Amino acid sequence: MSKTALITGINGMDGSHLADFLLKKGYIVYGIERRSSIKNRTNTKHLEDKITFLQGDLTDQNSLLRCLKESNPDEVYNLAAQSFVSESWNTPEFTSDVTGLGVLRILEAIREFNKKIKFYQASSSEMFGRMVENPATENTPFYPRSPYGVAKLYGHWITKNYRESYDMFACSGILFNHESERRGIEFVTRKITDGVAKIHLGLQDHISLGNLDAKRDWGYAPDYIEAMWRMLQQETPDDYVIATGETRSIREFLDAAFKAVGIQDWSSYIKIDPKYFRPAEVDVLLGDYTKAQKQLGWTPNTSFSDLVKIMVTNDINLLQHAIYHNTDNK
């Protein structure tokens with residue numbers, strides 16, 4: 001008999017990749033999207049006849065309960081959030097409500113509907129913030145440096161609290177930075193690959209960025225999706241760090257992105273703009289995925305250079321497709 005999964009944040013990068021993965025595993029998939037006049041299904045257009053979309057919102061517990069009743073899932077993956085770290089300083093209350101309290105609402109809805117449902121919470125390396133221990137493990141103390149990181153920490157702890165208080169199968173994946181060709185354009189990695197693609201095609205002459213020295217542990221989203229699924233296939237729920245164990249700076253990301261289009265010296269294409277610096281910067285994030293490797297049998301499969309090349313190549317193809325159709329329609 002097929003399992004059923006309910007995914008919040010279905011239209012995001014992780015949500016769409018997870019839906020692809022679960023469909024290949026034979027799951028019946030439901031995805032929660034927020035009500036809006038214009039559907040943002042850029043990442044899920046190819047899934048419209050393969051999954052069922054439900055309307056729900058992490059700020060509205062009744063809508064979440066209704067989605068549970070309509071889908072009756074075996075597994076729930078909570079990937080929805082106000083997930084743009086920089087934006088969390090502009091909208092700290094909204095970020096806290098969605099990214100933090102939203103987790104409580106969906107856990108409470110599951111507890112009320114069916115405590116046997118397995119629950120996955122998308123925790124974040126931003127909870128480590130100013131890293132007290134490098135690399136970070138599941139036992140490293142947290143020190144978030146943004147409203148987003150603080151909200152994610154609430155979601156992480158309330159998941160653990162429900163697991164221990166109500167004997168629920170609730171676990172968190174502490175995922176370090178992961179990217180793919182489906183990443184939103186507002187994120188620095190996609191801003192870089194889109195900008196490099198435009199420079200390559202003569203559509204743009206520079207990219208404006210902030211701190212080029214920030215270092216992150218970057219992996220490929222489809223690799224990380226498998227780790228989420230593996231967590232819910234275990235006999236007992238637990239929390240896991242998912243990372244590559246390697247850090248790269250924004251400069252190194254630029255190196256790889258420009259190299260993908262044959263440019264070695266990119267200095268003349270980059271402009272530093274103070275508005276892109278964070279009020280409290282996180283200098284470095286690095287994870288130790290040993291526990292996931294031992295207990296889940298998981299390891300990252302995609303190299304950093306391959307990840308960046310995938311993103312740049314995809315952005316070039318998207319732009320060429322758009323140019324062709326604009327010319328064709330004139």
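Remember, it's a predicted structure, so these values are computed and weren't measured experimentally. Residue numbers run from 1 in the order of the sequence given.
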Does the pair Phe169 and Phe119 meet the rule for a ring-ring contact (aromatic ring centres under 6.0 Å, His included), with working shown?
CA-CA 6 Å; Phe169 195 110; Phe119 175 75; over 10 Å; no
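- Side chains of Thr140 and Glu133: a donor on one and an acceptor on the other come within 3.5 Å.
- The side chain to side chain donor-acceptor pair (under 3.5 Å) contacts involving residues 58-69 comprise Asp57-Thr59, where partners must be two or more places apart or lie in separate chains.
- Remark: the backbone N or O of Tyr148 is paired with a side-chain donor or acceptor of Ser88 at under 3.5 angstrom.
- For Tyr143 and Phe128, the ring centers sit 6.0 Å or farther from each other.
- The backbone N or O of Gly15 lies less than 3.5 Å from no partner atom in the side chain of His17, so there is not a single donor-acceptor pair.
- Scanning for side-chain hydrogen bond (donor to acceptor under 3.5 Å, both in side chains) contacts around Tyr166 gives an empty result, with sequence neighbours left out.
- The side-chain hydrogen bond (donor to acceptor under 3.5 Å, both in side chains) test applied to Ser267 returns Asp265, not counting sequence neighbours.
- Between Glu252 and Lys215 no salt bridge is recorded (no basic side-chain N to carboxylate O distance below 4.0 Å).
- Of the candidates Ile106, Val76, Asn114, Leu68 forms a side-chain contact (heavy atoms from CB on, under 4.5 Å) with just one, namely Val76.
- Residues passing the salt bridge (Lys or Arg N to Asp or Glu O under 4.0 Å) test with Lys3 are Glu75, sequence neighbours excluded.
- Residues passing the salt bridge (Lys or Arg N to Asp or Glu O under 4.0 Å) test with Asp217: none are found, sequence neighbours excluded.
- When all heavy atoms of Leu319 and Leu201 are compared, the closest pair comes out as CB-CD1, 3.6 Å.
- For Lys291, the side-chain contact (heavy atoms from CB on, under 4.5 Å) criterion is met by Glu138, Asp238, Tyr240, Gln295, not counting sequence neighbours.
- In this structure, Lys309 fails the cation-pi test against Phe304, since its NZ or CZ atom is not both closer than 6.0 Å to the six-membered ring centre and inside 45 degrees of the ring normal.
- For the side-chain hydrogen bond (donor to acceptor under 3.5 Å, both in side chains) test, no residue two or more places apart in sequence or in another chain qualifies with Trp298.
- Residue Leu307 comes nearest to Thr302 through the heavy atom pair N-CG2, 4.0 Å, listed as atom of the first residue, atom of the second, then distance.
- By the salt bridge (Lys or Arg N to Asp or Glu O under 4.0 Å) test, Asp205 pairs with no residue at all, sequence neighbours left out.
- Considering all non-hydrogen atoms of both residues, Leu22 and Trp229 come closest at CD2-CD1, 3.6 Å.
- Between Tyr269 and Phe258, the angle of the ring planes stays under 30°, which puts this pair in the parallel group of the 30/60° scheme.
- Using modelled atom types, no side-chain atom of Arg35 and backbone atom of Gly56 make a donor-acceptor pair closer than 3.5 Å.
- In terms of the side-chain hydrogen bond (donor to acceptor under 3.5 Å, both in side chains) criterion, residue partners of Ser303 (sequence neighbours excluded) are, by chain and number, Ser305, Asp306.
- Salt-bridge annotation for Lys259 and Asp255: absent, with no side-chain N of the basic residue lying under 4.0 Å from a carboxylate O of the acidic one.
- The two atoms that bring Ser16 and Thr44 nearest to each other are CB-CG2, 3.8 Å, heavy atoms only.
- Residue pairs meeting the salt bridge (charged side-chain N to carboxylate O under 4.0 Å, His left out) criterion with at least one member in residues 162-180, sequence neighbours excluded: Arg163-Asp239, Glu179-Arg183.
- Evaluation of the salt bridge (Lys or Arg N to Asp or Glu O under 4.0 Å) rule for Glu108 yields Arg111 as partners, not counting sequence neighbours.
- Contact between Phe142 and Pro144 at its shortest, heavy atoms only, is C-CD, 3.8 Å.
- Ion pairing between a basic and an acidic side chain is recognised when a charged N comes within 4.0 Å of a carboxylate O; Lys191 and Glu186 show no such pairing.
- Every residue two or more places apart in sequence or in another chain that forms a side-chain contact (heavy atoms from CB on, under 4.5 Å) with Leu318 is listed here: Arg190, Asn314, Asp315.
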